[in-house]
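To start, the structure under review is shown below, and the notes come after it.
Throughout, numbering of the chain's residues begins at 1 and tracks the sequence.
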Amino acid sequence: MQRLYDFLRRHPTWVDTFWAVVLFGMSGMSEVSMDGSPHHHGSLPAGLAVSAVLCVVVALRRRFPEPMLLAALATGLAQLVLDVQTTVADFAMLVITYTVAAVGARWASRLALAVSFCAAAAAQIRWPQEQASFAGQVAIAVFQTVPFALAWVLGDSMRTRRAYFAQLEERASRLEKEREAQAKVAVAAERARIARELHDVVAHNVSVMVVQADGANYVMDTAPDQAKKALETISSTGRQALAEMRRLLGVLRTGEHQETGEYVPQPDVGQIDDLVEQCRSSGLPVDFKVEGTPRPLPSGVELTAYRIVQEALTNTRKHGGPGAGASVRLVYFDDGLGLLVEDDGKGAPHELYEEGGADGRGHGLIGMRERVGMVGGTLDAGPRPGGGFRISALLPLKPAH
């Protein structure tokens, strides 16, 4: 039974053909009386021909709505000319009116509406009720017009409903495409963020390892204990770098990310103290102070603050020269977090920080500005009067809209 239903739904013309055959049979039975004479004016062959054409209209109404409307109109005119009074087959007029109003062209729908208001009046004029008065004739014509008007209104409502659902489907499809585009943009932005993370991890840890390796090589013969400590620092720093690189590169390979858009564990402000201790153990004197009342901050602000300090201290080791020292200040304001990182080294031209070179220098400062911009903060970076370099940042608790 289900298969039959699915077949008929996929082939509606078969359904229309079935009802057309039924309609023709009913029309044929109503054409003649028991003695074989027609029940209407006009000849029997003309009545059967009219019924046959109208039944064909019903059978093909969905496949060819506009031509079938014209065929029905021509048949109706033939009925008037040949004096073939209305029969059961004239029900096809209602069916084709509904069909063109629902699925036909606009001109066909308007034509069907106009003819609907004229058909009953024309039939009443051609075959008047002899016993009815003029007012009665008008009432009968109006009464016969109502079904045609209702058929057209129902068809037009179906057209409007289909158009509404089609609009909803088109909108849903468009929103789906927009979501896919936004997802791709989000993935691209996330991978860019991961690339910045990777740069920060590599630049910081490798610079620590290089400094420790140089120190170990220098004191290998004279102070084996210090060399051993430096090698241990290199080993732990290398393991930490590898762990973070595996995490970040694993995300790039799989393309998977958490709902929050952040990957754990993420550095925060509380780990800046460990970062400073690591720099001190690598031979860079760092003065670290916190002003104000420490409190929890948004994760994006904490990560940005950590990466700024990390990048600034890495640049100090790379460009500060021998004997350089640095200071880090964290200031908690009511509406944000202030950062000040300075060094007293010989420094390097500002262009190296800003534009970068073959060794990748400068990307860190660009990355800082991107990070600060993402949380709605401000960044000021440049040489200090008298030598050294200064990086100042203000990170608001709420991004600017």
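For the atom pair OH of Y98 and OG of S157, the computed distance is 9.5 Å after rounding to the nearest 0.5 Å. Atom CG of L313 and atom OG of S327 lie 9.5 Å apart (nearest 0.5 Å). Summarising the geometry, atom OG belonging to S51 is positioned 7.5 Å from atom CG belonging to D90; distances are rounded to the nearest 0.5 Å. If you take CD on Q310 and CD on Q271, they are separated by 10.0 Å, rounding to the nearest 0.5 Å. Rounding to the nearest 0.5 Å gives a distance of 8.0 Å between CG of L339 and OG of S392. Here CG of L168 is found 12.5 Å from OG of S173. Values are rounded to the nearest 0.5 Å.
The minimum heavy-atom distance between D344 and G325, with the atom names listed, is OD1-N, 2.7 Å. Across all non-hydrogen atoms, the minimal contact from I140 to Q124 is CG2-OE1, 3.3 Å. Considering all non-hydrogen atoms of both residues, R307 and P267 come closest at NH2-CG, 3.8 Å. Residues A324 and L284 approach most closely at O-CD1, 3.4 Å, considering heavy atoms. Annotation for V341 and A312: closest pair CG1-CB, 3.5 Å, computed over non-hydrogen atoms. Here the shortest heavy-atom pairing between A46 and L82 reads CB-CD1, 4.3 Å.
In this structure, the side chains of F148 and L94 come closer than 4.5 Å at one or more pairs of heavy atoms. Using a 4.5 Å heavy-atom cutoff, the side chains of V290 and F288 are in contact. Proximity of V269 to L337: side-chain heavy atoms (C-beta onward) are separated by under 4.5 Å at one or more points. Between L395 and V372 the shortest side-chain heavy-atom distance falls below 4.5 Å. Here the side chains of I391 and M368 are in contact, with some heavy-atom distance below 4.5 Å.
Between the N315 side chain and the K318 main chain, no donor and acceptor come within less than 3.5 Å of each other. With hydrogens and angles ignored, the 3.5 Å screen pairs no side-chain donor or acceptor of E311 with any backbone N or O of I308. Remark: the backbone N or O of C279 is not paired with any side-chain donor or acceptor of R317 at under 3.5 angstrom.
In this structure, the side-chain hydrogen bond (donor to acceptor under 3.5 Å, both in side chains) partners of E277, at least two apart in sequence or on a different chain, are R280. Residues passing the side-chain hydrogen bond (donor to acceptor under 3.5 Å, both in side chains) test with E176, sequence neighbours excluded: R179. With sequence neighbours left out, D287 forms a salt bridge (charged side-chain N to carboxylate O under 4.0 Å, His left out) with R329. Every salt bridge (charged side-chain N to carboxylate O under 4.0 Å, His left out) that E342 has, sequence neighbours left out, goes to R384, R390. Residues passing the salt bridge (charged side-chain N to carboxylate O under 4.0 Å, His left out) test with D156, sequence neighbours excluded: R106. Residues passing the side-chain contact (heavy atoms from CB on, under 4.5 Å) test with V142, sequence neighbours excluded: V138. Not counting sequence neighbours, the partners of L394 by the side-chain contact (heavy atoms from CB on, under 4.5 Å) test are F333, T378. Remark: E302 engages no residue in a side-chain hydrogen bond (donor to acceptor under 3.5 Å, both in side chains) (not counting sequence neighbours). Partners of V146 under the side-chain contact (heavy atoms from CB on, under 4.5 Å) rule, at least two apart in sequence or in another chain, are L150.
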Take D268 and Y306 through the test side-chain contact (heavy atoms from CB on, under 4.5 Å) and record every step on the way to the result.
CA-CA 6 Å; D268 54 25; Y306 180 90; over 6 Å; no
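Residues in residues 141-152 take part in these side-chain hydrogen bond (donor to acceptor under 3.5 Å, both in side chains) pairs, two or more places apart or across chains: S109-W152. Applying the side-chain hydrogen bond (donor to acceptor under 3.5 Å, both in side chains) test to residues at least two apart or on different chains, the pairs with a partner in residues 162-171 are E170-R174.
Residue-environment remark: OH (Y332) exceeds the threshold of 12 foreign heavy atoms within 6.0 Å. Atom CG of D274 has more than 12 neighbouring heavy atoms from other residues, nucleotides or ligands inside a 6.0 Å radius.
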Check: residues 54-75 side-chain donor-acceptor pairs under 3.5 Å, at least two apart:
{"unit_1": "R61", "atom_1": "NE", "unit_2": "D16", "atom_2": "OD1", "d": "3.4"}
{"unit_1": "R61", "atom_1": "NH1", "unit_2": "T99", "atom_2": "OG1", "d": "2.7"}
{"unit_1": "R61", "atom_1": "NH2", "unit_2": "D16", "atom_2": "OD1", "d": "3.3"}
{"unit_1": "R62", "atom_1": "NE", "unit_2": "D16", "atom_2": "OD2", "d": "2.9"}
{"unit_1": "R62", "atom_1": "NH2", "unit_2": "D16", "atom_2": "OD1", "d": "3.2"}
{"unit_1": "E66", "atom_1": "OE2", "unit_2": "A105", "atom_2": "N", "d": "2.7"}
{"unit_1": "T75", "atom_1": "OG1", "unit_2": "A71", "atom_2": "O", "d": "2.7"}

